[in-house]
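Here the structure is laid out as C-alpha coordinates; the discussion comes afterwards.
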There are 2 protein chains.
Amino acid sequence: MPQGDLAHKDARTAILDAAERLFAELGYGGASMRAIAREAGVNQALVHYYFDSKDGLFSAVIERRAGDINLRRDDGLDALLAGGTPNLEAVVEALLRPTIELGHDDARGGAHYAKLIVALANGSDGRSRLLTSRHYDAIARRYIDALQTALPGLDRPSAVRGYLYCIGVALSVMARTGRAATLSDGVCDDDDPDVIIARVVPFLCAGLRALVVSGRSGAAGPTPTAQSS
Amino acid sequence: MPQGDLAHKDARTAILDAAERLFAELGYGGASMRAIAREAGVNQALVHYYFDSKDGLFSAVIERRAGDINLRRDDGLDALLAGGTPNLEAVVEALLRPTIELGHDDARGGAHYAKLIVALANGSDGRSRLLTSRHYDAIARRYIDALQTALPGLDRPSAVRGYLYCIGVALSVMARTGRAATLSDGVCDDDDPDVIIARVVPFLCAGLRALVVSGRSGAAGPTPTAQSS
DNA sequence: GTCTATAGTTCGATAGAC
DNA sequence: GTCTATCGAACTATAGAC
(Lines give C-alpha, C1' and ligand atoms only; values in the text may rest on other atoms or scores of the structure.)
Protein backbone atom coordinates (compact mmCIF):
# COMPACT_ATOMS: atom_id res chain seq x y z
CA MET A 1 0.00 0.00 0.00
CA PRO A 2 2.13 2.79 -1.28
CA GLN A 3 -0.46 5.58 -1.65
CA GLY A 4 -2.21 6.82 1.47
CA ASP A 5 -1.09 4.39 4.14
CA LEU A 6 0.62 6.24 6.95
CA ALA A 7 2.03 3.09 8.51
CA HIS A 8 3.86 2.25 5.31
CA LYS A 9 7.18 3.87 4.63
CA ASP A 10 7.04 4.99 1.02
CA ALA A 11 9.82 4.26 -1.43
CA ARG A 12 11.22 7.77 -1.37
CA THR A 13 11.58 7.79 2.38
CA ALA A 14 12.98 4.28 2.42
CA ILE A 15 15.63 5.35 -0.07
CA LEU A 16 16.53 8.43 1.95
CA ASP A 17 16.85 6.36 5.13
CA ALA A 18 18.98 3.74 3.44
CA ALA A 19 21.15 6.36 1.77
CA GLU A 20 21.69 8.20 5.02
CA ARG A 21 22.78 5.03 6.73
CA LEU A 22 25.17 3.91 4.00
CA PHE A 23 26.61 7.35 3.26
CA ALA A 24 27.26 7.69 6.98
CA GLU A 25 28.94 4.34 7.38
CA LEU A 26 30.82 4.03 4.12
CA GLY A 27 31.29 7.62 3.01
CA TYR A 28 30.07 9.14 -0.23
CA GLY A 29 32.54 7.21 -2.34
CA GLY A 30 32.07 3.97 -0.46
CA ALA A 31 28.29 3.81 -0.63
CA SER A 32 26.97 2.58 -3.96
CA MET A 33 23.59 3.24 -5.53
CA ARG A 34 23.14 -0.51 -5.82
CA ALA A 35 23.72 -1.08 -2.12
CA ILE A 36 21.41 1.80 -1.23
CA ALA A 37 18.63 0.40 -3.39
CA ARG A 38 19.11 -3.05 -1.91
CA GLU A 39 19.06 -1.68 1.65
CA ALA A 40 15.90 0.31 0.87
CA GLY A 41 14.25 -2.74 -0.67
CA VAL A 42 13.59 -1.02 -3.97
CA ASN A 43 14.82 -1.34 -7.49
CA GLN A 44 18.01 0.45 -8.39
CA ALA A 45 16.41 2.37 -11.23
CA LEU A 46 13.90 3.81 -8.80
CA VAL A 47 16.63 5.65 -6.98
CA HIS A 48 17.52 7.45 -10.17
CA TYR A 49 13.88 8.11 -10.86
CA TYR A 50 13.47 9.94 -7.56
CA PHE A 51 16.82 11.61 -7.16
CA ASP A 52 18.37 11.66 -10.62
CA SER A 53 21.95 11.01 -9.58
CA LYS A 54 24.10 9.99 -6.64
CA ASP A 55 24.86 13.64 -6.00
CA GLY A 56 21.19 14.50 -6.04
CA LEU A 57 20.47 11.75 -3.55
CA PHE A 58 23.18 12.93 -1.21
CA SER A 59 21.87 16.49 -1.37
CA ALA A 60 18.37 15.29 -0.56
CA VAL A 61 19.63 13.34 2.45
CA ILE A 62 21.35 16.41 3.85
CA GLU A 63 18.46 18.72 3.08
CA ARG A 64 15.91 16.62 4.95
CA ARG A 65 17.86 16.78 8.21
CA ALA A 66 19.02 20.37 7.85
CA GLY A 67 15.45 21.55 7.51
CA ASP A 68 14.47 19.88 10.77
CA ILE A 69 17.49 21.11 12.72
CA ASN A 70 17.31 24.68 11.50
CA LEU A 71 13.63 24.95 12.31
CA ARG A 72 14.39 24.01 15.90
CA ARG A 73 17.34 26.35 16.06
CA ASP A 74 15.32 29.25 14.72
CA ASP A 75 12.52 28.60 17.18
CA GLY A 76 14.97 28.35 20.07
CA LEU A 77 16.57 31.65 19.21
CA ASP A 78 13.22 33.35 18.63
CA ALA A 79 12.11 32.32 22.09
CA LEU A 80 15.32 33.59 23.67
CA LEU A 81 15.28 36.93 21.90
CA ALA A 82 11.65 37.48 22.82
CA GLY A 83 12.72 37.59 26.45
CA GLY A 84 15.20 40.45 26.08
CA THR A 85 18.97 40.09 26.13
CA PRO A 86 19.63 36.36 26.22
CA ASN A 87 21.94 34.54 28.56
CA LEU A 88 25.11 33.19 26.91
CA GLU A 89 24.56 29.67 28.22
CA ALA A 90 21.06 29.70 26.80
CA VAL A 91 22.28 30.78 23.37
CA VAL A 92 24.90 28.06 23.19
CA GLU A 93 22.43 25.47 24.39
CA ALA A 94 19.83 26.56 21.83
CA LEU A 95 22.49 26.19 19.15
CA LEU A 96 23.68 22.74 20.13
CA ARG A 97 20.67 20.99 21.60
CA PRO A 98 18.76 20.26 18.38
CA THR A 99 21.67 18.60 16.63
CA ILE A 100 23.01 16.76 19.68
CA GLU A 101 19.56 15.48 20.58
CA LEU A 102 18.85 14.24 17.09
CA GLY A 103 22.33 12.76 16.89
CA HIS A 104 21.60 10.61 19.93
CA ASP A 105 18.05 9.67 19.03
CA ASP A 106 18.87 6.29 17.60
CA ALA A 107 15.23 5.36 17.17
CA ARG A 108 15.10 8.09 14.52
CA GLY A 109 18.40 7.08 12.93
CA GLY A 110 20.32 9.61 14.97
CA ALA A 111 23.61 7.77 14.83
CA HIS A 112 23.56 7.87 11.05
CA TYR A 113 22.60 11.51 10.97
CA ALA A 114 25.42 12.28 13.38
CA LYS A 115 28.12 10.55 11.34
CA LEU A 116 26.87 12.23 8.22
CA ILE A 117 26.75 15.75 9.62
CA VAL A 118 30.21 15.37 11.15
CA ALA A 119 31.68 14.35 7.80
CA LEU A 120 29.80 17.12 6.04
CA ALA A 121 30.77 19.91 8.41
CA ASN A 122 34.42 18.91 8.49
CA GLY A 123 34.64 18.22 4.78
CA SER A 124 36.58 20.61 2.61
CA ASP A 125 35.60 19.12 -0.72
CA GLY A 126 33.34 21.02 -3.06
CA ARG A 127 30.22 19.04 -2.29
CA SER A 128 30.55 19.47 1.47
CA ARG A 129 31.28 23.16 1.23
CA LEU A 130 28.38 23.83 -1.08
CA LEU A 131 25.83 21.96 1.01
CA THR A 132 27.12 23.32 4.30
CA SER A 133 26.96 26.86 3.01
CA ARG A 134 23.54 26.41 1.45
CA HIS A 135 21.92 24.93 4.52
CA TYR A 136 23.79 26.45 7.44
CA ASP A 137 25.02 29.94 6.55
CA ALA A 138 21.84 31.77 7.47
CA ILE A 139 21.36 30.09 10.84
CA ALA A 140 25.06 30.49 11.63
CA ARG A 141 24.86 34.23 11.12
CA ARG A 142 21.84 34.46 13.37
CA TYR A 143 23.66 32.66 16.17
CA ILE A 144 26.84 34.66 15.70
CA ASP A 145 24.76 37.79 16.14
CA ALA A 146 23.22 36.28 19.25
CA LEU A 147 26.63 35.46 20.72
CA GLN A 148 27.59 39.12 20.34
CA THR A 149 24.35 40.21 21.94
CA ALA A 150 24.74 37.85 24.88
CA LEU A 151 28.42 38.64 25.33
CA PRO A 152 29.06 42.38 24.97
CA GLY A 153 32.63 43.14 23.96
CA LEU A 154 32.94 40.11 21.72
CA ASP A 155 33.98 41.50 18.36
CA ARG A 156 32.77 40.06 15.09
CA PRO A 157 35.81 37.95 14.12
CA SER A 158 35.97 36.50 17.62
CA ALA A 159 32.27 35.72 17.51
CA VAL A 160 32.69 33.90 14.21
CA ARG A 161 35.61 31.90 15.53
CA GLY A 162 33.87 31.23 18.83
CA TYR A 163 30.83 29.98 16.97
CA LEU A 164 33.02 27.62 14.98
CA TYR A 165 34.76 26.36 18.12
CA CYS A 166 31.36 25.54 19.57
CA ILE A 167 30.39 23.66 16.44
CA GLY A 168 33.73 21.88 16.51
CA VAL A 169 33.22 20.59 20.03
CA ALA A 170 29.64 19.61 19.27
CA LEU A 171 30.79 17.65 16.26
CA SER A 172 33.50 15.90 18.22
CA VAL A 173 30.89 14.84 20.76
CA MET A 174 28.47 13.72 18.08
CA ALA A 175 31.09 11.73 16.21
CA ARG A 176 30.73 8.99 18.83
CA THR A 177 34.07 7.48 18.10
CA GLY A 178 34.01 5.62 21.40
CA ARG A 179 37.18 7.44 22.30
CA ALA A 180 36.00 8.73 25.67
CA ALA A 181 35.22 5.19 26.75
CA THR A 182 38.56 3.89 25.50
CA LEU A 183 40.67 6.59 27.13
CA SER A 184 38.80 6.42 30.42
CA ASP A 185 38.83 2.62 30.50
CA GLY A 186 35.07 2.50 30.27
CA VAL A 187 34.24 5.14 32.87
CA CYS A 188 32.94 7.66 30.33
CA ASP A 189 30.16 6.16 28.26
CA ASP A 190 28.04 9.22 27.69
CA ASP A 191 24.82 8.68 25.81
CA ASP A 192 22.29 11.02 27.40
CA PRO A 193 22.07 14.25 25.38
CA ASP A 194 21.04 16.24 28.45
CA VAL A 195 24.16 15.19 30.32
CA ILE A 196 26.36 15.86 27.32
CA ILE A 197 24.89 19.32 26.86
CA ALA A 198 25.19 20.10 30.55
CA ARG A 199 28.88 19.30 30.37
CA VAL A 200 29.74 20.94 27.12
CA VAL A 201 27.92 24.25 27.54
CA PRO A 202 29.90 25.50 30.57
CA PHE A 203 33.14 24.54 28.83
CA LEU A 204 32.22 26.49 25.73
CA CYS A 205 30.84 29.53 27.55
CA ALA A 206 33.99 29.85 29.63
CA GLY A 207 35.99 29.70 26.43
CA LEU A 208 33.80 32.27 24.72
CA ARG A 209 34.18 34.67 27.64
CA ALA A 210 37.94 34.26 27.40
CA LEU A 211 37.73 35.39 23.78
CA VAL A 212 36.54 38.79 24.96
CA VAL A 213 39.58 39.27 27.13
CA SER A 214 42.19 37.90 24.76
CA GLY A 215 40.52 39.55 21.79
CA ARG A 216 41.40 42.94 23.22
CA SER A 217 45.12 42.50 22.63
CA GLY A 218 44.67 41.97 18.90
CA ALA A 219 46.20 38.96 17.20
CA ALA A 220 49.57 38.55 18.89
CA GLY A 221 50.91 36.81 21.95
CA PRO A 222 49.84 33.65 23.74
CA THR A 223 48.34 35.83 26.53
CA PRO A 224 49.60 33.75 29.46
CA THR A 225 46.68 34.50 31.75
CA ALA A 226 47.39 31.70 34.18
CA GLN A 227 44.93 32.69 36.89
CA SER A 228 45.79 29.47 38.65
CA SER A 229 49.22 27.90 39.18
CA MET B 1 66.56 7.45 -1.30
CA PRO B 2 66.82 3.90 -2.52
CA GLN B 3 69.91 4.01 -4.68
CA GLY B 4 71.78 6.88 -3.11
CA ASP B 5 70.05 9.75 -4.89
CA LEU B 6 68.74 12.26 -2.39
CA ALA B 7 67.02 14.46 -4.96
CA HIS B 8 65.00 11.56 -6.30
CA LYS B 9 61.73 10.72 -4.58
CA ASP B 10 61.54 6.94 -4.54
CA ALA B 11 58.48 5.04 -5.63
CA ARG B 12 57.36 4.15 -2.14
CA THR B 13 57.38 7.75 -0.99
CA ALA B 14 55.72 8.92 -4.19
CA ILE B 15 52.93 6.43 -3.62
CA LEU B 16 52.47 7.50 -0.01
CA ASP B 17 52.31 11.16 -1.04
CA ALA B 18 49.84 10.48 -3.82
CA ALA B 19 47.73 8.27 -1.59
CA GLU B 20 47.63 10.86 1.17
CA ARG B 21 46.48 13.50 -1.27
CA LEU B 22 43.76 11.39 -2.88
CA PHE B 23 42.51 9.78 0.32
CA ALA B 24 42.25 13.27 1.78
CA GLU B 25 40.38 14.75 -1.15
CA LEU B 26 38.16 11.87 -2.19
CA GLY B 27 37.86 9.80 0.96
CA TYR B 28 38.85 6.17 1.34
CA GLY B 29 36.08 4.90 -0.89
CA GLY B 30 36.47 7.62 -3.46
CA ALA B 31 40.20 7.25 -4.02
CA SER B 32 41.10 4.35 -6.26
CA MET B 33 44.35 2.41 -6.43
CA ARG B 34 44.50 3.23 -10.12
CA ALA B 35 44.23 6.95 -9.52
CA ILE B 36 46.84 6.78 -6.78
CA ALA B 37 49.28 4.93 -9.01
CA ARG B 38 48.69 7.40 -11.82
CA GLU B 39 49.19 10.37 -9.49
CA ALA B 40 52.38 8.83 -8.14
CA GLY B 41 53.66 8.15 -11.63
CA VAL B 42 54.11 4.43 -11.01
CA ASN B 43 52.49 1.27 -12.22
CA GLN B 44 49.39 0.10 -10.48
CA ALA B 45 50.85 -3.29 -9.60
CA LEU B 46 53.68 -1.57 -7.77
CA VAL B 47 51.29 -0.18 -5.23
CA HIS B 48 50.23 -3.69 -4.32
CA TYR B 49 53.84 -4.80 -4.25
CA TYR B 50 54.70 -2.23 -1.58
CA PHE B 51 51.52 -2.10 0.43
CA ASP B 52 49.64 -5.30 -0.38
CA SER B 53 46.15 -3.85 -0.35
CA LYS B 54 44.22 -0.62 -0.27
CA ASP B 55 43.80 -1.02 3.46
CA GLY B 56 47.52 -1.58 3.91
CA LEU B 57 48.26 1.55 1.93
CA PHE B 58 45.89 3.61 4.01
CA SER B 59 47.44 2.33 7.22
CA ALA B 60 50.90 3.21 5.98
CA VAL B 61 49.81 6.73 5.11
CA ILE B 62 48.45 7.28 8.61
CA GLU B 63 51.41 5.65 10.29
CA ARG B 64 53.96 7.89 8.59
CA ARG B 65 52.35 11.07 9.88
CA ALA B 66 51.43 9.74 13.31
CA GLY B 67 55.04 8.82 13.99
CA ASP B 68 56.20 12.35 13.25
CA ILE B 69 53.46 14.05 15.28
CA ASN B 70 53.78 11.81 18.31
CA LEU B 71 57.53 12.24 18.45
CA ARG B 72 57.06 16.00 18.67
CA ARG B 73 54.30 15.67 21.23
CA ASP B 74 56.39 13.38 23.40
CA ASP B 75 59.35 15.73 23.23
CA GLY B 76 57.18 18.72 24.07
CA LEU B 77 55.75 17.02 27.11
CA ASP B 78 59.14 15.74 28.26
CA ALA B 79 60.49 19.28 28.16
CA LEU B 80 57.55 20.62 30.14
CA LEU B 81 57.64 17.94 32.81
CA ALA B 82 61.38 18.40 33.25
CA GLY B 83 60.67 21.89 34.53
CA GLY B 84 58.39 20.84 37.37
CA THR B 85 54.61 21.29 37.39
CA PRO B 86 53.70 22.54 33.92
CA ASN B 87 51.48 25.48 33.10
CA LEU B 88 48.10 24.51 31.63
CA GLU B 89 48.51 26.76 28.61
CA ALA B 90 51.87 25.15 27.90
CA VAL B 91 50.41 21.64 28.03
CA VAL B 92 47.59 22.47 25.65
CA GLU B 93 49.97 24.21 23.29
CA ALA B 94 52.39 21.27 23.33
CA LEU B 95 49.48 19.01 22.46
CA LEU B 96 48.14 21.06 19.57
CA ARG B 97 51.15 22.77 18.05
CA PRO B 98 52.68 19.78 16.23
CA THR B 99 49.52 18.82 14.43
CA ILE B 100 48.33 22.36 13.69
CA GLU B 101 51.76 23.36 12.40
CA LEU B 102 52.05 20.35 10.13
CA GLY B 103 48.49 20.84 8.99
CA HIS B 104 49.33 24.32 7.76
CA ASP B 105 52.71 23.50 6.26
CA ASP B 106 51.51 23.19 2.70
CA ALA B 107 55.02 22.79 1.35
CA ARG B 108 55.08 19.46 3.16
CA GLY B 109 51.59 18.50 2.05
CA GLY B 110 50.06 19.80 5.24
CA ALA B 111 46.65 20.46 3.76
CA HIS B 112 46.32 16.82 2.76
CA TYR B 113 47.55 15.60 6.11
CA ALA B 114 45.03 17.85 7.81
CA LYS B 115 42.04 16.62 5.84
CA LEU B 116 43.09 13.06 6.42
CA ILE B 117 43.59 13.33 10.15
CA VAL B 118 40.27 15.14 10.56
CA ALA B 119 38.44 12.36 8.76
CA LEU B 120 40.33 9.73 10.72
CA ALA B 121 39.79 11.23 14.15
CA ASN B 122 36.10 11.85 13.57
CA GLY B 123 35.49 8.54 11.87
CA SER B 124 33.51 5.91 13.71
CA ASP B 125 34.06 3.10 11.23
CA GLY B 126 36.22 0.15 12.17
CA ARG B 127 39.24 1.26 10.19
CA SER B 128 39.30 4.74 11.72
CA ARG B 129 38.81 3.46 15.23
CA LEU B 130 41.53 0.86 14.92
CA LEU B 131 44.12 3.22 13.50
CA THR B 132 43.26 6.04 15.88
CA SER B 133 43.54 3.75 18.84
CA ARG B 134 46.76 2.16 17.64
CA HIS B 135 48.56 5.42 16.97
CA TYR B 136 47.08 7.88 19.45
CA ASP B 137 46.03 6.07 22.62
CA ALA B 138 49.42 6.19 24.32
CA ILE B 139 50.07 9.87 23.66
CA ALA B 140 46.50 10.75 24.61
CA ARG B 141 46.91 9.14 28.01
CA ARG B 142 50.16 11.00 28.60
CA TYR B 143 48.48 14.32 27.86
CA ILE B 144 45.41 13.51 29.93
CA ASP B 145 47.76 12.84 32.84
CA ALA B 146 49.47 16.16 32.16
CA LEU B 147 46.17 18.03 32.14
CA GLN B 148 45.45 16.65 35.60
CA THR B 149 48.90 17.64 36.80
CA ALA B 150 48.61 21.16 35.43
CA LEU B 151 45.06 21.61 36.68
CA PRO B 152 44.64 20.20 40.20
CA GLY B 153 41.06 19.25 40.97
CA LEU B 154 40.33 18.04 37.45
CA ASP B 155 39.07 14.50 37.90
CA ARG B 156 39.85 11.73 35.47
CA PRO B 157 36.60 11.65 33.47
CA SER B 158 36.68 15.43 33.11
CA ALA B 159 40.29 15.29 31.98
CA VAL B 160 39.42 12.73 29.34
CA ARG B 161 36.50 14.79 28.09
CA GLY B 162 38.50 18.00 28.24
CA TYR B 163 41.26 16.39 26.24
CA LEU B 164 38.72 15.34 23.61
CA TYR B 165 37.20 18.83 23.48
CA CYS B 166 40.67 20.22 22.81
CA ILE B 167 41.21 17.74 20.01
CA GLY B 168 37.76 18.56 18.67
CA VAL B 169 38.51 22.26 18.41
CA ALA B 170 41.94 21.58 16.91
CA LEU B 171 40.36 19.37 14.28
CA SER B 172 37.73 21.95 13.45
CA VAL B 173 40.49 24.50 12.93
CA MET B 174 42.56 22.10 10.85
CA ALA B 175 39.65 21.10 8.66
CA ARG B 176 40.05 24.39 6.78
CA THR B 177 36.56 24.37 5.45
CA GLY B 178 36.81 28.05 4.61
CA ARG B 179 33.87 28.62 6.91
CA ALA B 180 35.46 31.34 9.02
CA ALA B 181 36.09 33.38 5.89
CA THR B 182 32.56 32.80 4.60
CA LEU B 183 30.80 33.71 7.83
CA SER B 184 32.98 36.76 8.47
CA ASP B 185 32.68 37.96 4.86
CA GLY B 186 36.40 37.52 4.33
CA VAL B 187 37.65 39.15 7.52
CA CYS B 188 38.87 35.88 9.06
CA ASP B 189 41.32 34.17 6.75
CA ASP B 190 43.58 32.57 9.28
CA ASP B 191 46.57 30.74 7.94
CA ASP B 192 49.40 31.37 10.40
CA PRO B 193 49.65 28.47 12.85
CA ASP B 194 51.11 30.73 15.56
CA VAL B 195 48.13 33.04 15.39
CA ILE B 196 45.69 30.14 15.37
CA ILE B 197 47.34 28.57 18.39
CA ALA B 198 47.45 31.88 20.24
CA ARG B 199 43.71 32.20 19.76
CA VAL B 200 42.67 28.67 20.47
CA VAL B 201 44.75 27.96 23.58
CA PRO B 202 43.15 30.62 25.83
CA PHE B 203 39.71 29.48 24.73
CA LEU B 204 40.46 25.88 25.60
CA CYS B 205 42.21 26.60 28.88
CA ALA B 206 39.31 28.72 30.09
CA GLY B 207 37.02 25.85 29.19
CA LEU B 208 39.20 23.30 30.95
CA ARG B 209 39.26 25.40 34.12
CA ALA B 210 35.48 25.54 34.00
CA LEU B 211 35.43 21.75 34.01
CA VAL B 212 36.94 21.78 37.49
CA VAL B 213 34.17 23.96 38.85
CA SER B 214 31.25 22.27 37.13
CA GLY B 215 32.71 18.83 37.67
CA ARG B 216 32.24 19.29 41.40
CA SER B 217 28.46 19.18 41.20
CA GLY B 218 28.45 15.74 39.67
CA ALA B 219 26.70 15.00 36.41
CA ALA B 220 23.38 16.83 36.72
CA GLY B 221 22.11 20.29 36.02
CA PRO B 222 23.00 22.87 33.41
CA THR B 223 24.86 24.90 36.09
CA PRO B 224 23.51 28.31 35.11
CA THR B 225 26.55 30.30 36.17
CA ALA B 226 25.54 33.43 34.31
CA GLN B 227 28.10 35.86 35.65
CA SER B 228 26.96 38.30 32.99
CA SER B 229 23.40 39.40 32.22
C1' DG C 1 61.56 -3.69 -8.46
C1' DT C 2 58.96 -2.73 -12.30
C1' DC C 3 56.20 -3.94 -15.85
C1' DT C 4 51.93 -5.97 -19.04
C1' DA C 5 47.88 -8.22 -19.13
C1' DT C 6 43.82 -9.65 -17.37
C1' DA C 7 40.56 -12.04 -14.29
C1' DG C 8 36.47 -11.15 -11.90
C1' DT C 9 33.51 -7.57 -9.79
C1' DT C 10 31.09 -3.65 -9.22
C1' DC C 11 30.12 0.91 -10.51
C1' DG C 12 26.60 5.00 -12.17
C1' DA C 13 23.32 5.65 -15.36
C1' DT C 14 19.80 4.84 -18.97
C1' DA C 15 16.39 2.72 -22.26
C1' DG C 16 12.16 0.97 -22.53
C1' DA C 17 8.30 -2.43 -21.11
C1' DC C 18 4.40 -2.37 -18.05
C1' DG D 1 5.82 4.56 -10.26
C1' DT D 2 8.16 0.23 -10.68
C1' DC D 3 10.46 -3.09 -13.13
C1' DT D 4 14.24 -5.84 -16.31
C1' DA D 5 18.08 -5.58 -18.90
C1' DT D 6 22.20 -3.74 -20.12
C1' DC D 7 25.98 -0.47 -21.63
C1' DG D 8 30.44 1.18 -20.87
C1' DA D 9 33.51 2.23 -17.62
C1' DA D 10 36.01 1.72 -13.36
C1' DC D 11 37.28 -1.10 -9.65
C1' DT D 12 40.81 -4.39 -6.54
C1' DA D 13 43.82 -7.72 -7.00
C1' DT D 14 46.89 -11.19 -9.03
C1' DA D 15 49.77 -13.95 -12.30
C1' DG D 16 53.83 -13.95 -14.49
C1' DA D 17 57.59 -11.90 -17.77
C1' DC D 18 61.75 -9.23 -17.31
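Note that these values count all heavy atoms, side chains included, but never hydrogens, waters or copies made by symmetry. A note on names: the letters A, B, ... follow the listed sequences, proteins ahead of strands, and every chain is numbered from 1.
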task: Could you tell me whether the phosphate oxygens of D:dT14, OP1 or OP2, come under 4.0 Å of any side-chain nitrogen or oxygen in B:H48?
output: no

message: Without decimals, in angstroms, what is the distance between B:L57 CG and D:dC11 P?
response: 14 Å

- prompt: Would you call B:Y163 and B:L95 a side-chain contact if the rule is heavy atoms closer than 4.5 Å?
  reply: yes

- request: Measure the shortest side-chain to side-chain distance between A:L204 and A:L96 over non-hydrogen atoms and say whether it is less than 4.5 angstrom.
  value: yes

field: Length of the line joining B:L46:CG and D:dG16:C1', which is rounded to integer Å
entry: 15 Å

field: Distance, rounded to the nearest Å, where A:Q44 contributes CD and C:dA13 contributes P
entry: 10 Å

query: Under 4.0 Å: is that the gap between some side-chain N or O of A:Y50 and OP1 or OP2 of D:dT2?
result: yes

field: Backbone N/O of B:S124 and side chain of B:S128: donor-acceptor pair under 3.5 Å
entry: no

- prompt: Parallel under 30°, tilted from 30 to 60°, perpendicular over 60°: which one fits the rings of B:F23 and B:Y28?
  reply: parallel

- request: Report the distance from atom CG of B:D55 to atom C1' of D:dA13, rounded to the nearest whole Å.
  value: 14 Å

task: Mark yes or no for whether B:R176, through its side chain, and B:G103, through its backbone, hold a donor-acceptor pair below 3.5 Å.
output: yes

message: When you measure from the side chain of A:T13 to the backbone of A:K9, do you find a donor-acceptor pair of N or O atoms at a distance under 3.5 Å?
response: no

query: What parts of residues 15-42 of chain A reach DNA chain D, counting only heavy atoms under 4.0 Å away?
result: none

- prompt: Rounded to the Å, how far apart are A:K54 NZ and D:dA10 P?
  reply: 15 Å

- line: With the side chain defined as heavy atoms from C-beta on, B:A45 is closest, among C:dA13, D:dC3, C:dT4, to C:dT4

query: Can you tell me how far C1' of C:dA15 sits from OH of A:Y49, to the nearest Å?
result: 16 Å

